[in-house]
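In what follows, chains carry the letters A, B, and so on, assigned in the order in which the sequence lines appear, proteins first and then strands, with residues in each chain numbered from 1.
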Number of protein chains: 4
Amino acid sequence: MKPVAQKRRQRDQSQRQLLEATIAAIYKHGVHDATVVKIGEIAGLSTGNIHYHFGSKEEMFAAAMRLLMSGISDELVLELSKADSPLERARAVLRANLSDELFTHRNCFVWLQFWSETARSEELARLERINSQRFHRNLLDALSRLMPREHAERATQELVALVDGLWIRRAQSEGRITPEAARQIADHYLDRRLKTAPSIG
Amino acid sequence: MKPVAQKRRQRDQSQRQLLEATIAAIYKHGVHDATVVKIGEIAGLSTGNIHYHFGSKEEMFAAAMRLLMSGISDELVLELSKADSPLERARAVLRANLSDELFTHRNCFVWLQFWSETARSEELARLERINSQRFHRNLLDALSRLMPREHAERATQELVALVDGLWIRRAQSEGRITPEAARQIADHYLDRRLKTAPSIG
Amino acid sequence: MKPVAQKRRQRDQSQRQLLEATIAAIYKHGVHDATVVKIGEIAGLSTGNIHYHFGSKEEMFAAAMRLLMSGISDELVLELSKADSPLERARAVLRANLSDELFTHRNCFVWLQFWSETARSEELARLERINSQRFHRNLLDALSRLMPREHAERATQELVALVDGLWIRRAQSEGRITPEAARQIADHYLDRRLKTAPSIG
Amino acid sequence: MKPVAQKRRQRDQSQRQLLEATIAAIYKHGVHDATVVKIGEIAGLSTGNIHYHFGSKEEMFAAAMRLLMSGISDELVLELSKADSPLERARAVLRANLSDELFTHRNCFVWLQFWSETARSEELARLERINSQRFHRNLLDALSRLMPREHAERATQELVALVDGLWIRRAQSEGRITPEAARQIADHYLDRRLKTAPSIG
DNA sequence: AATGAATGAGAATTCATTCAT
DNA sequence: AATGAATGAATTCTCATTCAT
């Protein structure tokens with residue numbers, strides 16, 4: 001008989017597979033058409049098993065959204081770890097959301113699908129708020145050291161909207177915008193913002 | 001009164017009611033849950049009627065999206081008619097998309113739902129492209145007279161993304177942002193853009 | 001105002017048009033898919049009108065079957081009028097059902113469709129029995145003068161089955177059998193029957 | 001007992017039940033009114049199951065027709081296995097189609113329903129052709145050894161039509177003809193055919 | 001853990017029929 | 001006589017979920 005640790009590992013792997021498959025299915029078919037059967041096929045598991053692992057489709061979708069969010073979080077932590085000035089930190093926050101790894105057609109598309117599902121699931125709405133607020137908070141923290149509070153708040157709002165808009169654009173179709181171009185837009189925006197805002201102290 | 005004319009009016013009214021009901025249902029339940037039965041209830045018409053008038057649910061959704069787009073178009077025409085300088089025209093384009101009438105929670109929410117449906121319906125995707133391109137073109141026309149071509153193109157991209165991001169934000173929940181605040185963000189952005197770009201002539 | 005006779009003529013024409021359209025629709029789509037709307041389109045009349053004229057779809061189908069039957073009947077009368085011996089009469093009955101005008105793909109196909117509808121409509125079943133019995137009776141009358149009663153009865157049964165089978169064959173697809181070939185089969189069968197049966201008198 | 005084997009048996013049994021129920025429903029109501037719900041009720045299974053097992057109603061109908069055809073095929077093989085001369089073989093082919101087990105009101109009625117559905121389903125039409133050709137070929141093989149080729153071909157055509165006509169007759173209503181009578185008709189026809197055709201060799 | 005057969009509520013769609021004009 | 005908008009019951013099909021194995 002297998003030791004407990006091995007069993008757990010196997011279980012975790014199944015669940016991970018299921019979450020990846022969920023995202024893949026949403027990317028392929030859209031949330032609406034990402035059915036339990038299709039997800040199961042991609043994951044190589046039966047529908048019965050999905051309910052064994054996640055209880056319901058909605059819980060699995062929430063877990064998939066969390067997986068996506070943890071990817072964003074990891075990227076953010078990575079970028080922030082390399083930044084050692086407020087300006088660098090602000091740039092790091094933007095870069096994290098527009099990196100080659102994260103700012104993919106797939107990611108942006110799937111995220112847009114979750115955005116729209118927010119209307120049907122309070123849990124997904126909650127997760128969206130958490131993600132949005134984390135982005136907002138990190139950016140505000142950095143900008144607050146570069147310009148007066150009020151300016152920083154406005155600049156944050158604008159940058160958050162700008163990045164969201166870039167995600168929509170990227171989600172729309174493969175070729176509309178590249179990560180490189182998106183980063184440039186955000187960076188230039190930040191530069192102009194800093195030039196025109198009164199500096200601190 | 002001619003019976004033919006009366007019948008036509010009756011038909012047009014039913015179709016209009018159905019389209020309004022479609023939008024209302026999407027607003028209330030999300031695209032996914034805006035079923036033919038619910039739409040029929042809101043419109044006060046039977047489900048059979050939907051297929052009599054539009055052939056299929058999908059075609060009715062496309063017609064509803066077109067109705068939304070014609071609202072945006074009307075607003076744009078109205079604003080542009082009042083503008084008589086390139087700068088005014090650029091502002092008019094932005095204001096049209098962020099006006100009190102258009103930049104409502106309802107409109108932005110429903111539009112986000114259509115955005116996500118783009119993945120499932122080629123016709124909706126086509127409509128989205130038309131709308132996006134019209135916005136892009138009008139803004140670029142105006143900005144091209146205020147700054148060198150290349151700058152104008154970048155500025156357009158940025159402003160389009162910014163406005164899309166503001167729509168997402170507005171869609172998310174009633175209170176996150178007001179039309180007034182959104183217009184300020186866009187206007188300030190434009191002002192800074194003009195200050196930092198080399199002027200024409 | 002139109003005279004009464006003219007009105008009646010107009011009404012009769014509409015009804016005749018509708019019956020022809022019914023048959024055409026059944027030929028084109030099969031009974032199952034010959035909907036009131038499709039029939040109306042072929043006839044150039046609205047669905048409301050169909051019910052004004054026939055009360056219900058089923059009644060219209062029965063009327064269409066009667067029209068088909070009257071065609072067979074006319075053909076039979078015509079052929080019989082030219083026959084002046086028992087043998088000629090027997091041949092006439094067969095020829096009537098296998099004539100170039102009647103034994104068409106269209107006729108046989110539509111008749112097969114009515115045959116199957118017999119299961120759902122007592123009225124159609126009744127009509128089918130009338131038609132079948134008329135065929136049977138006329139053939140038996142003729143054959144009874146050519147061979148002993150018992151032989152005649154058997155021969156009639158056989159010939160009726162043979163002709164029905166030929167109709168099925170013709171209904172199946174355009175090319176399986178020609179009227180000419182069908183008539184030869186029936187005639188040869190009759191000849192052999194007469195040769196091997198004891199003659200009367 | 002292996003669970004896998006058990007599941008397969010369970011599945012096969014359900015599918016078989018569904019096919020029997022399809023035939024029973026067609027016999028009871030006609031193809032047109034043999035709805036998924038009614039079939040499910042007869043089979044004692046839910047409607048969802050029909051689509052789980054067969055994908056669509058049409059595919060299930062095709063499978064039911066194949067089941068009917070395999071019954072005919074079995075009967076034919078059985079009869080042929082007992083025949084050891086060309087004449088015996090010809091008789092066997094006829095007897096197979098007119099046996100007490102096969103030539104039932106139920107079978108003939110259901111087959112007539114499938115015949116008429118041939119117009120709506122290319123697959124059913126294909127199956128009908130296969131069945132018809134098998135009958136034709138087997139009969140022709142036997143007759144070719146009893147009379148010259150050309151005679152054999154005509155005799156085959158005639159016998160096929162005769163048997164089809166007998167099926168129609170049997171389908172029409174319970175009492176019109178018995179298997180015994182049908183076999184006599186076919187046998188006598190064959191006898192007369194052999195008498196009047198030039199023999200081989 | 002895993003399977004997959006079975007369920008049943010709910011989805012879009014079709015269509016004969018009605019009815020106001 | 002004729003139209004065609006409106007209805008609503010019925011139909012096929014989908015899909016998350018359950019459950020025996």
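Between V36(D) and I50(C), it is I50(C) whose nearest contact on DNA chain F lies nearer the 5' terminus. Sequence order on DNA chain E of the closest nucleotides to G48(B) and Q10(B) puts G48(B) first from the 5' end. Each of H32(C) and T35(B) was matched to the nucleotide of DNA chain E holding its nearest heavy atom; the match closer to the 5' end belongs to T35(B).
dA20(E) is paired with dT3(F) under the criterion used here, namely a Watson-Crick or G-U wobble arrangement in which both key atom distances are under 3.5 Å.
Between D12(C) atom CG and dA2(F) atom P the separation is 11 Å, expressed in whole Å. Atom CD in E41(C) sits about 17 Å away from atom P in dA2(F), given to the nearest Å. Following rounding to the nearest Å, Q13(C) (CD) and dA2(F) (C1') show an atom-to-atom distance of 14 Å. Going from atom OH of Y52(A) over to atom C1' of dT21(F) covers 15 Å, rounded to whole Å. R8(B) places its CZ atom 15 Å from the C1' atom of dT21(E), with the value rounded to the nearest Å. Straight-line distance from the NE2 atom of H51(D) to the C1' atom of dG8(E): 14 Å, rounded to whole Å. Atoms CG (L45(B)) and P (dG8(F)) sit 11 Å apart, rounded to a whole Å.
Atom name P, nucleotides dA1(E) and dT21(F): the rounded distance is 22 Å, in whole Å.
Phosphate proximity of dG4(E) to H53(D): absent, as no side-chain N or O sits under 4.0 Å from OP1 or OP2. At the phosphate of dG8(E), neither OP1 nor OP2 sits under 4.0 Å from any side-chain N or O atom of T47(D). Within the 4.0 Å cut-off from OP1 or OP2 of dT3(F), at least one side-chain nitrogen or oxygen of N49(C) is found.
Comparing dA6(E), dT3(F), dA16(F) by their nearest atom to the side chain of K57(A) picks out dA16(F).
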